[in-house]
Every structure is written in C-alpha cells, then in structure tokens.
Amino acid sequence: MSQSRRNFVRTIGLGSAGLSTSLLTGGGLAVTAFGGVAEAAAAGDDSGIIRLSSNENNRGPGKAALEAMQRAMTPRLGRGYPPDFTADLVDAIAERYAVDRTAVIIGTGSGPILEAAVHAFCSASKPIVTAAPTYMTSENMARRLGVPVKSIRVRPDLTLDLDGMADAATGAGLVYLCNPNNPTGLAYSGATIEQFVRRVKAASPSTAILVDEAYIDYAHDPAIKTVAPLAMELPGVFVTRSYSKAHGMAGLRLGYAVGQPDTVQAMPKVWQLGSMNALTAAAGIASLKDAAHIAAEVAENARIREFTLRAFKDMGYAALDSQTNCIFVEVKRSAAEFRDACAAQKVQVGRDFPPYEKTHARISLGTMDEMKRAVEVFRRVLSAPPARPSAQG
Ligand SMILES: Cc1ncc(COP(=O)(O)O)c(C=O)c1O
C-alpha cells in the first residue's frame, strides 16, 4: 500500500476494518476478468503461500459486488439497527426462489445456520445423521451439545450412502446431506435427492433434513439441481447456500437457508445467526443479480478443474469427478505427509478427512496461475516415494 493510501485509510478511520483499500480509493485500478481489483489480488499477504486448503474462491467477488460496496461507503453506514440493505437482501433471495420473504433466513455465512439446525432439531434423544467424510460444522456442534451422531460412511465409490443414511434417519432429529459433498466433490442428481428426502419423510415425518448446497453452482452435470422447491413443499426440509464459493465472498460472511417459514424460522429463535452488515448485504444483492459473472466464474473454475484433474491423471493419480471447486485425490500416501511436503514448498492443501486420511488429499482450486505453479509442486512431491505407503483407511 502506498504511503498516501495508508494515510487516506488512517484519515477516514477504516484502517483496521479489513476493507480493501482498492474499494476505498475507487477508480484508476485495473479490474481483472473476474471483477477483482488487480492490486488487491496481487497484494494478498500470504507470504508467497498458495492457499488451496479451505475451498475459498481466490478470484474473489465480482465487479458488481465490489462496486455495490463502494457505493454503500457513505455516512449511512452509521445506521445499523437494522443495517441498510439487509431487508432488501432477504427480498432479493426470496424473489430469486419465488417464495415469501419469511421462507428465507440469512446468516453471516451458512456455517451459523448449520449450527442452528442442530440446536433447533436435535437433542439427546434425537440424533443427527451425517456422512463420513463430509463437512463437519453440524456434526461438531452436535458433539459439543452431547447430541448422538450417526455418521454413515460413504460407499466404496465415495458417493454418499443414501440407503444407509435413510435407514439411520428413522427417529433422528436432523439429517445433514451435503450435495455436492465436501470433500469428495461428488453429487447426486436433484431427482435422487428428492427420492431420498421423500423416503425419509415418509418413514420419519418429524425428522428435519438439511440439504447443504454450498457448491451447487459449480456442478457441471445438469442433472444436479437445487431441491429448494421440494423444501417449500415439505415441512422440516430446507436448503442452505453459501456466498463463500461461486460468489467469492467468504471474507464478507454471507449464507442463507430456504424452506417453509415454520421450518427455517425455528433456527434464529434458538441460535444467533450472526450480525449482518450493510456492505455485505449490498454486495450480496448485487452478486445475486450478476448472473453473467457467476456464469463466467463457474466456467473459469471448470477450466481450472479440468487442467488440474488432467495433470494428476498424467502423473498417474486418480481423482474423483468433482462438481465443486476442490478435488479429492488418491495421493497414495497419508494426507499429512502430502500436506507437509507441499507446505514445505509453499502450497497449502486441505486437512485430514477420515476415514480417507491415509490415502486421499483434498486440494482446493485456486486461480489458473496458482494451479500451474501448484501442479509443479505436486509433481515434485509425488515423484518421491511415500515414506509409508498405506492401504485404504
Ligand atoms: C459444504 C459446506 N457448507 C458450508 C460451508 C460454510 O461456508 P460459509 O459459512 O462460509 O458460508 C462450507 C465451507 O467450506 C462448506 O464446505
């Protein structure tokens, strides 16, 4: 940051607010293909580390979202009870799904909603049904609360074991179903998820079902569809969506759920979903309406995914057909060994995902430039024999 910019930031008192100076200074900065400001992208203070560990979106928000925040940078930010744009954001999401605004709840990320679901629908006598491996926020909250966890291992082809999950669901408080699934990247069609949901609801009408669609924008198989309409039809069923993936807004913290009002409104009654802010809400509205940007982002992610999958295939390593912005690769050594060797060469990859931590690593997809550099690191790391070759965990 130049001295004059630093002074400017200090003068207006936002230096510690974590806001990009590019947003504050506005014009004159090169805008990248994805609307990110080139300077901000280059300024990433990761000490030269390529971060492919958290399924973030290294291209960031689109231009419309950045500009919406820029426009919102006015003295109106002094108002906050409620913050500007938050009601409009709920309306915009409701309009997108053609539902009443009471069928939508928003949170500072979808994470707090995944936690709230456990508080609202589970208890010591009402277990959560989840998968292994899958995203852990709901399960972690259940364990903290002493809620019994029924964790159903994925099938040998790493797809979710829907039969096993349906069997376990009878009498459960909540089923957590991540589609597409993190970390495998695999997904079922909308029709298959609908069949599963109807089966569970028929056998166990009081069981709530959360379908986490954080990655669904990235799915390349057209049969993979949101089940939001089904959520509107059936009580106790809801979908969650995150702005942290295709919308590139993880740092702005925004997510939402859609379902029947009685279902979704049960969650903020029992658990705080965060305190929304006006800039995030303004960006959320703009990004939701920026279909062209999301299409370009999804196409760019697909191009990078194909490049990275091809590179692993050429190296002789199998990876699953991902519908997300991460890939799950059988690296034929422990995730820890692979992770440490990559970290030594400044590439950070994902944590352990039991029961596959002895054989598979999750690699988030960064920008094309990052992946070209990361692939060279993967090539060097994998060219060394594993310290301890391991069988499937
Ligand atoms: C499947 C899944 N759901 C939800 C989240 C939470 O996202 P956020 O709280 O940023 O919306 C993540 C984050 O990685 C995720 O992978």
Side-chain angles (χ1 to χ4, degrees), residues 18 51-61 65 89 93 104-118 128 130-142 151 154 158-160 165 174-188 193 209-219 224 226-228 238-258 264 267-268 271-277 280-281 283-284 287-288 294 301 305 320 322-328 348-353 362-366:
R51 196 158 91 172
L52 309 176
S53 49
S54 300
N55 291 359
E56 297 157 328
N57 176 338
N58 296 0
R59 288 172 292 283
L89 173 63
I93 296 167
V104 175
I105 54 169
I106 56 174
T108 51
S110 56
I113 303 174
L114 304 189
E115 293 178 342
V118 179
I128 180 172
T130 183
T134 194
Y135 193 62
M136 296 287 283
T137 293
S138 294
E139 176 175 339
N140 289 342
M141 178 52 76
S151 178
V154 295
L158 277 80
T159 53
L160 292 174
M165 292 176 81
L174 177 71
V175 175
Y176 172 77
L177 185 75
C178 191
N179 194 61
N181 193 24
N182 172 11
T184 63
L186 300 177
Y188 283 109
I193 299 294
I209 304 176
L210 186 178
V211 184
D212 182 341
E213 298 181 345
Y215 296 94
I216 204 159
D217 291 320
Y218 283 132
I224 297 163
T226 180
V227 290
F238 58 103
V239 301
T240 55
R241 299 290 288 259
S242 170
Y243 268 80
S244 302
K245 312 302 173 186
H247 291 272
M249 286 173 45
L252 290 163
R253 312 305 306 128
L254 181 56
Y256 61 90
V258 177
V264 295
M267 291 183 276
W271 189 245
Q272 167 64 264
L273 302 181
S275 193
M276 190 51 56
N277 73 80
T280 295
S287 198
L288 195 66
I294 298 300
N301 180 71
R305 186 170 55 203
L320 301 173
S322 169
Q323 308 285 336
T324 65
N325 68 343
C326 66
I327 58 174
F328 203 46
Q348 239 174 36
V349 302
R351 63 172 175 85
D352 283 0
F353 286 93
R362 191 195 69 185
I363 299 164
S364 310
L365 299 172

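Whatever order the structure lists ligands and atoms in, that order sets their numbers, starting from 1.
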Report the nearest protein non-hydrogen atom to [atom]: residue, atom name, distance rounded to 0.1 Å.
atom                    : result
atom 3 (N) of ligand 1  : Asp212 OD2, 2.6 Å
atom 12 (C) of ligand 1 : Tyr135 CZ, 3.2 Å
atom 16 (O) of ligand 1 : Tyr215 OH, 2.6 Å
atom 14 (O) of ligand 1 : Lys245 NZ, 2.7 Å

Taking only heavy atoms of [X], which atoms of ligand 1 are found under 4.0 Å from at least one of them?
X      : value
Ser110 : 4 (C), 5 (C), 6 (C), 7 (O), 8 (P), 9 (O), 11 (O)
Ser244 : 8 (P), 10 (O), 11 (O)
Gly109 : 8 (P), 9 (O), 11 (O)

Check: Are any of the N or O atoms of Gly111 closer than 3.5 Å to those of ligand 1?
Finding: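 Yes; the residue has a nitrogen or oxygen that sits under 3.5 Å from a nitrogen or oxygen of the ligand.
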
Notebook entry, point to check: Backbone or side chain, does any N or O of Tyr176 fall under 3.5 Å from an N or O of ligand 1?
Noted result: no

Next item on the list: For ligand 1, indicate whether the residue Cys178 contacts it via side chain, backbone, both or neither (heavy-atom separation under 4.0 Å).
Entry: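 The part of Cys178 near ligand 1 is the side chain, not the backbone.
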
Check: Does any N or O in the side chain of Asn182 come within less than 3.5 Å of the main-chain N or O of Tyr135, such that one atom is a donor and the other an acceptor?
Finding: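 No, the answer is negative, given that no donor and acceptor are paired below the 3.5 Å cut-off.
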
Next item on the list: For Tyr218 and Ser322, indicate whether the former's side chain and the latter's backbone hold a donor-acceptor pair under 3.5 Å.
Entry: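 It does not hold such a pair.
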
Closest contact, heavy atoms only, [X] versus [Y]:
X      : Y      : result
Asn57  : Ala246 : ND2-O, 3.7 Å
Pro180 : Thr324 : CB-CG2, 3.5 Å
Tyr176 : Ser138 : CD1-OG, 3.8 Å
Leu174 : Ala117 : CD2-CB, 3.8 Å

Margin query: A cation-pi test, strictly: NZ or CZ of Arg241 under 6.0 Å from the centre of the six-membered ring of Tyr243 and no more than 45 degrees from its axis. Yes or no?
Written below: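 No, Arg241 does not sit over the ring of Tyr243.
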
Notebook entry, point to check: Is the shortest heavy-atom distance from the side chain of Ile106 to the side chain of Leu273 under 4.5 Å?
Noted result: no

Item checked: Proximity flag Gly255 to ligand 1, non-hydrogen atoms under 4.0 Å -> no

